[in-house]
Every structure is written in C-alpha cells, then in structure tokens.
Novice: 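Handing you this structure, nothing more for now.
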Amino acid sequence: MSSTITSQSTCGVRRAMTGAVVAVAALVTAACLPSTPSPPTRPAPIPTTTVAPPPTVPPTPSPGGTSPRFAVTTAPLGELWVDPVGGSDAATGASRTTALRTLAEAWRRIPASQALTNGVRVQITTGELAESAIPNYLEHRWGTASAPVVFNSVDGPGRARLLGDLNVFDVRHLYLTGLTIDSPGDSFHCERCDHLLLRQVTMDSNGGWETVKVNQSSNVFIEDSVLTGAGDNVVDFVAVHTGHIVGSVISDAGDWCAYVKGGSSRIVVDGNEIHDCGNGGFVAGQGTGFEFMTAPWLRHEAYDVVVTNNIVHRTAGASLGVNGAAGVLVAHNTAYRTGSRSHALEVYLGARSCDGDTAGCAANRSLGGWGGPGLDGQWIPNDTVSFINNLVVNPLGSASPWGQVAVQGAADAPSGSGVPAGRNADDGLRITGNVFANGGNSMSVVDGPGCNRPTCNDTLLRATNRLTGPDSLLVAPESGDWRPIGGAVSGGVTIAFTWPEREPGTGTWTPPSTWTTTRTGAARTGDRPGAL
C-alpha cells in the first residue's frame, strides 16, 4: 500500500511524494532556504526621537495557563507608523499623522545585517494590509534584548490584519503582538531565528499546509494566541531549542494539531486548548530528515518537554503522545472525546530519514547523531517519559476502540544508524496516577507490543491508574466547562521528575514548575488528576 503526502517548501512550491505507510506519522521535511538572501541597500535612518511605550492595550482573555511569559524590554523604542488606509510610503513614518502605507516600506527602513542599538516598534493602525503591502521575505534584521523589532497592532489585538503570509529568515528579537494574519496559505514561517515572540496573535491559514512553522531556531515563544486552519499541522517546530507554547487555542488540522520534533529541546507546552485535529492533539517528537537537525541535539526527536494543564478535545487520534523523545513529562492535562479511531494516549517510536542532503546527514552522523544516508526504518527510541495525573474522559458511545495507551516495542534500527541495540519505545516509561473514564475496566490498558516488562505492564498500570466506565466526570464539557464535578477527581500521585544533562555539553535544565498549579493558577492540593 502507498500513500501520497503533500509537502511544501519555504519557496511555496508544493510537491507530492509517495512512500510506504508506516505506523508512525509520515515525515515532513523542513523548509528550503530563501533564494539568494542578499541584504538590501542601507535604508534611510529611522527618526531618532524615541518615545516611551504607549499605554498597554488591555489583553484579550487568556485561554488558560499561568506559566511565565517572555519578558519584553521596557526601554524606549524608535517608532515607525503604518496606516494601511491613509498612510503614504513617501512620509516619514514618525507618527500616526505621518504614517507609511505598507509594512514592506517600514521593513526596508530597519537597518539590515547589523545588531541594532535602537529598537524599532512598527505601530500598525486599524486596517488590512494586502499581500502586496507585506515584504516577500523578512531577512537579516538583528534586534537585541534591549533593542528588538516589534510589529504591534497599536489600536488593539486583531485591529491590524495581514492578508498575506510572513516568511522570516535570520532574524533576531522579532516580536509580533496583537496582529491577525488571515492568509490563503501557510501563515507564518521562521527559519534560523532567535528570540521570536508571537503574543496575542490570530493566524488562520485557511487550509494551507501549516499555520506556524519554525525551524533551526532558538528561544521561540507563542503566547495567548489563536492559531487554526491547517491541512497538516497548526504548529510545527523542527530543531527549535528553548521556548514555550502557552495560553493559546490551537485547532483544526488534518494531522497533529501541534508537535515539536527534529531534536527540539526544552519546550514548555502549558495551559493551551487543543482541539479538532486528525492524528491527534500534541506530540513530543515524530519524524525528521536527519539533515535538518542541529548539533548537539542529534539523537532523539525531542528533548526535555513539559506538557501540562492543557485541554485537548475532539481528536481522531491520541490526545497526547511521545514519539522518539527523551525527558518528557506529560502531567495534569484533561482530554475529552479523543482517540475516537484509536487510543487515548500514545508512546510510539520516532522516525528518521535522509531527505536528499546526504552530505548533511553524513555530517550529523559523524557527530554522533542517529541516522544516516541510505538507511530506511531508522526508528528512534524513547528515554524517560512520564504520563502522570492526566484525566481522560470519553462519554458513553465514544470510547477509544483500541485501548487506553498505545505503546510500540523495540526500535530495531538498521546497522550503521547509531541507535544502540536493545532500545525500545518504552525505555524509562512511567504511566501512573491517571484517570481513564474511557470504556471501563474491560478495555485493554496497553495497545501494542510494548509495556510488557516488570516496570511497565497491563497489571501494573491497572493498579497504578484509575479506570472507570464512561462517567460524566466533567461539569459541562460540551459548553467548555472542563471542571470536574464536585471540584476534584481522585487517584493522583506526587510528581517526581528529574532533568539531567541529555546531550554532552548542554548542561541541565530547570523548567518552570507548571505542574504545581492548576490551569487557573491555583496551587494544587492532593495531586488531583486533570488540568483543573
């Protein structure tokens, strides 16, 4: 049997690939580099008069989560104003009354290929910016912590609308606040970026391949945003190191709603609402072309990922999963009507391929990575994964047909891939303190060949988790009230999880303790399962 997979490059060219159907999701390659990225002619300087930040627009209500947000500088920034309705690109852009007409002109006036000493806030007033008014590529702008580049919807979140996508390359400290991107295709792509912030943004790719794609980047933060409408994935991180996805609504995708893969590391996913996607809600890991990974994170598909306080509902596949990752804590999440065609949670092998750049794959293999050119079936094991105190509720008639948790078995990677022999999908796997109101005790707890050892087996999981019938444990989930009836459900355990050095030279990581508070910010008492 074969299937056709459609992928899209940065250059916007779709192509069809055929390949054998495998047990894990098909690989999606990272984007190609922008063509001939030469810096533009040095623009005229931005007006030197700086002003204090304007009064803060009252934020839109957060969908959930109280984990720390990214701290933006309070230093005064230079300003460029853009008025899509009444501006002129011949104007100075120094004030609302002398605003530019296009974002393209504002971008041209920001110095390229040099670290900024004066930050720039582009104040975009109410109106719509057509695709012709947006830069084709946004490249080589190097903001700093004290001098960032900010695109701000100055009249309030959602007032400034972009009707075309943003393709960003080699940009540092770029912050998008309050913008709406309503594009006919992929909404936002950032490659080789550092310190990217998407805050209170709304993005709808209207069936495009992906809504937010970030690859080979660091310090990426998505906060309090609404992201939707992807044919494949709404959020796709490949080789992204350090960041978070918090307080956001992520929905409506053909594949997973969101995943972090390609060796992505040190990512917090907290307080989001994730819903209406095909393969599943959120997964740490998946499958990647070896050449798109970045040293030293070259073995597992994801490292050090915290997934807490999320509400996941209406997914055909698993609500939450781990595919070929190391050091993942999935705790205190609530899942409702998930796994309608398969299972509620999953622990699968990751996958690895070489997608054309054989020299890049060979170079990563020489650095000790797992993979290589010309090798198929490069299955990636898991290491130290915990599913703790999650609440899975599927009402009568909607139980997952295959079981509570799908667990694959041995990696069986080919010789030469670097994957040690005897590695498995369930190495270091811990599943405890969860409540499954999903089909009752008659349903198999484990679906698949894995989890058949003394530290992980069906009998142990029945003893350390609570399995009930399709009870009505939630107040009014169909109308968005995910609270447990009576204020709590029982059966949780104390969380103990360590964060040692995962790759040589990377040091240890100390994530925020998001599992110690509920989705609404209240201190947890009694380690009750679920997000609330």
Side-chain angles (χ1 to χ4, degrees), residues 1 3 19-27 256 259 261 263 279-280 283-288 290 299-303 305 317-330 339 341-353 369-372 375-388 390 392 400-432 434 436 438-439 443-465 467 502:
M1 180 187 298
S3 63
V21 176
V22 294
V24 295
L27 304 183
W256 288 91
Y259 51 44
K261 65 175 189 173
N279 267 348
V283 61
Q286 202 242 11
T288 306
F290 197 20
R299 297 185 299 160
H300 291 280
E301 276 292 296
Y303 298 82
V305 181
S319 57
L320 299 164
V322 178
N323 295 177
V328 180
L329 174 62
V330 181
R341 72 179 182 205
S342 53
H343 42 261
L345 304 173
E346 75 173 43
V347 183
Y348 275 5
L349 298 166
R352 190 68 40 78
S353 64
W370 290 347
L375 298 175
D376 294 324
Q378 299 176 41
W379 308 118
I380 305 300
N382 294 300
D383 182 13
T384 315
V385 172
S386 290
F387 288 81
I388 304 177
N390 300 288
V392 176
S400 302
W402 296 352
Q404 306 291 359
V405 186
V407 184
Q408 283 187 302
D412 292 331
S415 175
S417 68
V419 179
R423 297 298 300 273
N424 302 275
D426 58 355
D427 290 343
L429 176 62
R430 183 186 181 201
I431 302 174
T432 187
N434 304 286
F436 295 96
N438 178 31
M443 176 182 289
S444 172
V445 179
V446 180
D447 168 49
C451 196
N452 59 3
R453 59 181 78 185
T455 56
C456 184
N457 57 73
D458 190 275
T459 301
L460 177 64
L461 266 57
R462 288 183 183 276
T464 57
N465 299 274
L467 281 72
R502 305 291 176 193

Novice: Among His300, Glu301, Gln286, which residue meets the side chain to side chain donor-acceptor pair (under 3.5 Å) test with Lys261?
Specialist: Gln286

Novice: Which is it for Leu329 and Ile388 under the side chain to side chain contact (heavy atoms under 4.5 Å, CB included) test, yes or no, and what are the steps along the way?
Specialist: CA-CA 8 Å; Leu329 174 62; Ile388 304 177; 4.1 Å; yes

Novice: Output side-chain donor-acceptor pairs under 3.5 Å for residues 444-452, partner residues at least two apart or in another chain, one line each.
Specialist:
| from | atom 1 | to | atom 2 | distance (Å) |
| --- | --- | --- | --- | --- |
| Ser444 | OG | Val446 | N | 3.4 |
| Ser444 | OG | Val446 | O | 2.6 |
| Asn452 | ND2 | Pro449 | O | 3.1 |

Novice: Could you pull out the closest heavy-atom pair between Arg352 and Trp370, with the gap in Å?
Specialist: NH1-O, 2.6 Å

Novice: In sequence, state the C-alpha distance, the side-chain angles, and the governing distance for Arg502 and Asp383, and then conclude on side chain to side chain contact (heavy atoms under 4.5 Å, CB included).
Specialist: CA-CA 10 Å; Arg502 305 291 176 193; Asp383 182 13; 5.6 Å; no

Novice: Taking the side chain from Asn465 and the backbone from Asn434, do they hold a donor-acceptor pair closer than 3.5 Å?
Specialist: yes

Novice: Strictly by modelled atom types, are Asn457 and Arg462 linked by a side-chain donor-acceptor pair under 3.5 Å?
Specialist: no

Novice: Starting at CD of Gln408, measure out to CH2 of Trp379 and round the result to the nearest 0.5 Å.
Specialist: 7.5 Å

Novice: Which heavy-atom pair separates Ser400 from Ser342 by the least distance, and what is that distance?
Specialist: CB-O, 3.5 Å

Novice: Applying salt bridge (charged side-chain N to carboxylate O under 4.0 Å, His left out), name anything that partners Arg453, two or more places apart in sequence or on another chain.
Specialist: Asp426, Asp427

Novice: Backbone N or O of Ala326 within a donor-acceptor pair of the Thr384 side chain at under 3.5 Å?
Specialist: no

Novice: Might you point out which heavy atoms bring His343 and Tyr348 nearest each other, and give the distance in Å?
Specialist: CE1-OH, 3.3 Å

Novice: Tell me the closest heavy-atom pair linking Gly409 and Leu349, and the distance in Å.
Specialist: O-CD2, 3.9 Å

Novice: Between atom OG of Ser319 and atom CG of Leu345, what is the distance when rounded to the nearest 0.5 Å?
Specialist: 4.5 Å

Novice: Minimum heavy-atom separation for Ala325 and Val385, please, with both atom names.
Specialist: O-CG2, 4.1 Å

Novice: Hey, does Asn323 have a side-chain heavy atom less than 4.5 Å from the side chain of Tyr259?
Specialist: no

Novice: What side-chain donor-acceptor pairs closer than 3.5 Å can you find for residues 410-418, not counting sequence neighbours?
Specialist:
| from | atom 1 | to | atom 2 | distance (Å) |
| --- | --- | --- | --- | --- |
| Ser417 | OG | Pro414 | O | 2.9 |
| Ser417 | OG | Val419 | N | 3.4 |

Novice: Please check this pair: side chain of Asn438 against backbone of Gln404, looking for a donor-acceptor N/O pair closer than 3.5 Å.
Specialist: no

Novice: Under a 4.5 Å cut-off applied to non-hydrogen side-chain atoms, are Leu429 and Asn382 in contact?
Specialist: no

